[in-house]
Amino acid sequence: MSLDLFSSFTVGDLTLTNRIVLAPMTRNRAAPDNVPQAINIEYYRQRASAGLIITEASQVSPEGVGYPATPGIYNNEQIAGWHKITDAVHDEGGHIFIQLWYCGRISHPSLLPQQQTPVAPSAIRPEGDAFTADGMQAYVEPRALKTDEIKNIVSQYQHAATQAKAAGFDGIEVHAANGYLIDQFLRDGSNHRTDQYGGSIENRMRFLNEVLDAVSGVWPTNRIGVRLSPENAFNTMSDSDPQQHFDYVIKQLSSRGLAYLHVLEGNMMATQREVDYRALRDKFEGVYIANNGYDKARAETALAQGDSDLIAFGVPFLANPDLVNRLKTDALLNTPDQNTFYGGDEKGYTDYPFLQNTN
Ligand code: PHB
């Protein structure tokens, strides 16, 4: 097997044209009712030369929303909107998975039905401010879910998985990273429960396992990916022993026959790592996608050393729709504009130039 970033690679029953993945990135450019719209089609079409596109995180229900103008995958308008995107990507020969999201405590009453209080495993308020339609507002103390409420959220994931099939996706990625609801259960800084969903790592993983059981009734397991972030402190997250706890989680995931395990290594936007990711990767018998701070040289080294099978690029792909071609030809990369990462219009979204337009 070639260890080239630009050679094809098999994930389950899908043949990807290369090993470069578009990392999931929130861009806050859905219509105000959380429906994907025309500029989103163009954004994903432009990036369809990725071996695999993983969409921005998309809510499984109105209760799962945590930011303005982020897409959902729970109602029929959203299916119709997403279907135009999956069609565009498939027309270009690409593959696309949708990332399923429930924000939990990283939300605000103003974003939720009936201004309800955000929910979480435990009533622990994250530091900082929520990004709301009226600007930044302090996070509130979330309401701890009652044990018998959890199955309803699991069924929302199952519904969203069904909707994703109807929208023409090739698969789904369960977002269990970065301090959103599933990760809030996984890590012990945010989970102080005393029922069967808290305490031991076996118990803290129960919610993720139930979600995976539910969506496996809808999709073959080789079309389901999982994203983890063992040590990312973003969203006030912490864990007392990420190496040991995620070793357990990944061993459990390994037996499911998943499409892939996708890991945000280290802290978001930083290259330093405390956790030994190679040790974690070796516990997973399946495709591993590494993400966070990779450039071409680091990506090629990771493939050559067997540290990863695929590499997900975030910010470089945001700013370079033709990233695959640019990496292949060692071309200069466009500079990302941080001011247009979240929200706005075409500017900083679909107007980054392709190579032939920059010469
Ligand atoms: C973000 O909106 O900043 C964000 C969303 C989802 C993630 C990470 C960051 O997984």
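Each ligand, and each atom within it, is numbered from 1 in the order the structure gives.
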So does D330 pair up with K296, basic N to acidic O under 4.0 Å?
-> yes
The residue among R227, H262, M25 that forms side chain to side chain contact (heavy atoms under 4.5 Å, CB included) with Q99 is R227
Protein heavy atom at shortest distance from [atom]:
| atom | value |
| --- | --- |
| atom 6 (C) of ligand 1 | Y180 CE1, 3.4 Å |
| atom 3 (O) of ligand 1 | Y342 OH, 3.1 Å |
| atom 8 (C) of ligand 1 | N178 ND2, 3.5 Å |
| atom 9 (C) of ligand 1 | F234 CE2, 3.5 Å |

Give a yes/no verdict on whether any heavy atom in F131 is under 4.0 Å from an atom of ligand 1.
-> no
If you measure from each heavy atom of H175 to ligand 1, is any distance below 4.0 Å?
-> yes
Donor-acceptor contact present, side-chain N267 to main-chain A270, <3.5 Å = no
Centres of the Y67 and W101 rings: under 6.0 Å?
-> yes
Using the six-membered ring of Y277, assess whether NZ or CZ of R281 lies under 6.0 Å from its centre and within 45 degrees of the ring axis.
-> no
